[in-house]
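Taking it in order: structure first as structure tokens, then the write-up.
Start at 1 and go down the list; that is how both ligands and their atoms are numbered. Note that this is a predicted model, so its numbers are computed, not measured.
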Amino acid sequence: MTENDFLPLAYTNTVETGTATYKSPSNIALVKYWGKKENQLPQNPSISFTLDACATTTTVSFRKLENKSVDFSFDLWFEGSQKEDFKPKISTFLARIEAYLPFLKEYHFKIETSNSFPHSSGIASSASGMSALALCLMELERKLVSTMTADFFTKKASFLSRLGSGSACRSIEGAIVQWGSHGKTQGSSDLYGIKYPYEVHDNFKNFHDTILLVDKGQKQVSSTVGHNLMHNHPFAVERFKQAHDNLDKLITVFKTGDLNEFIKIVESEALTLHAMMMTSLPYFILMKPNTLEIINKIWAFREKTGSNVCFTLDAGANVHVLYPENEKQEIYQFITSELLVYCENQQYICDRIGLGARLMNN
Ligand code: DP6
């Protein structure tokens, strides 16, 4: 498919008012997206686990205007109060997707949104937030056309989410989602995420991710600034190639259930992401001393017990602790007794890999 396939044909139906609610999850990348081209296209393929416990629920109520407005017409409510300061981000998103949803200026929208995780916890809400909003808007488009296949709906929702925030396109459907064209993954595309299409060993069913909140401060580097650091980065070409190789290896790992190899790929990806930030200009260190303490504790625990626990990081100091379902009792115990002391206010969010976004009304 190309971008043009997402331009709509003429709308056949008229819709005056309505509402749509979606609950959309966040996700954690195993092979990281870091570096993008024009139009939010990724420099390399990425793959993620879906995190249902970190979700955004968004309701969009729409009312057709008598005349098309000049600017986008919407009110934004976040957790019960109006949020003017969130509006520019939404306006930018709407402007980016207007060509694909040409009705946007014909309606007034009330957007009400809330997160299942604490605000400013350092957990990125852009993936869950942008995907939930894209899904609600797609619900309106679905009403405007006489037929739309479920497959097209999902692909276009992911395509639009990507234009809001790259990683958001991995939050639409599936427990494991791949985004970005990759030689070995059939159907993969830079334009949208797809449900991982190959065999997944039972070792990865109900995998867990406990997020340790090491630093709840504002992001030190916005993702846009971060991605831009990969332009003219001395190691960029090699890094993008490495992501392809790691994805190749992960396909085999998902099939065979080789947890040792899984750990190597996932931890190396996390450290490479941070290495890219440390070796760019300007350079950043986003880990905190407690991030390193936790990593060392995880390594020592693995050495001592033979456990398959491992970690990954996003572009911040918080640590995602990953472990299989059959180790959850030991790992809960380990987290409580050895890791929580390194978390701000001893806070953590316990998660389980989920299945993707859900329509809450229609
Ligand atoms: C480190 O999706 O937040 O989490 O496209 O600029 O919105 P934008 O970036 P964003 O970047 C996420 C980067 C990452 C790795 C990943 O999720 O793959």
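Proximity to A29 (heavy-atom distance under 4.0 Å) selects the following atoms of ligand 1: 16 (C), 17 (O), 18 (O). Atoms of ligand 1 lying under 4.0 Å from at least one heavy atom of L273, given by number and element, are 1 (C).
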Using the rule given for side-chain hydrogen bond (donor to acceptor under 3.5 Å, both in side chains), can you reason through S161 versus S131, listing the C-alpha separation, both sets of side-chain angles and the distance that settles it, and then say yes or no?
CA-CA 5 Å; S161 304; S131 53; 5.1 Å; no
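At a heavy-atom cutoff of 4.0 Å, ligand 1 is contacted by both the backbone and the side chain of S165.
Using a 4.0 Å heavy-atom cutoff, R162 is absent from the residues neighbouring ligand 1. Judged by the shortest distance from any of its heavy atoms, M130 lies outside the 4.0 Å radius around the atoms of ligand 1.
The single protein non-hydrogen atom nearest to atom 9 (O) of ligand 1 is H227 NE2, 3.0 Å, given as residue, atom name and distance. Closest to atom 16 (C) of ligand 1 among all protein heavy atoms lies R170 NH2, 3.4 Å. Protein heavy atom in closest approach to atom 4 (O) of ligand 1: D314 CB, 4.0 Å. The nearest protein atom to atom 6 (O) of ligand 1, hydrogens excluded, is given as K36 NZ, 2.7 Å; this is a heavy-atom distance.
In the model, Y22 has no side-chain atom that pairs as donor or acceptor with a side-chain atom of T56 under 3.5 Å. Inspection of the R239 and T272 side chains reveals no N or O donor paired with an N or O acceptor under 3.5 Å.
In terms of N/O distances under 3.5 Å, ligand 1 is approached by S223. Any N or O atom pair closer than 3.5 Å counts here, and S167 shares at least one such pair with ligand 1. Some N or O of G166 is nearer than 3.5 Å to an N or O of ligand 1, by distance alone. For ligand 1, none of its N or O atoms has an N or O atom of N27 under 3.5 Å away. Of the polar atoms of Y33, at least one N or O is found under 3.5 Å from an N or O of ligand 1, judged by distance alone.
Between the side chain of E112 and the main chain of G80, no donor-acceptor pair closer than 3.5 Å is present.
Note that R162 lies outside the cation-pi zone of Y192, set by a 6.0 Å cut-off to the ring centre and a 45° limit from the axis. Cation-pi geometry between K105 and F72 is satisfied (NZ or CZ under 6.0 Å from the ring centre, within 45° of the ring normal).
The aromatic rings of Y332 and H208 sit perpendicular, their planes meeting at an angle over 60°, well past the 30° parallel limit. Between F334 and F301, the two ring planes are parallel [angle under 30°; tilted spans 30° to 60°].
Residues H244 and V31 are not in side-chain contact: their nearest non-hydrogen atoms beyond the backbone lie 4.5 Å or more apart.
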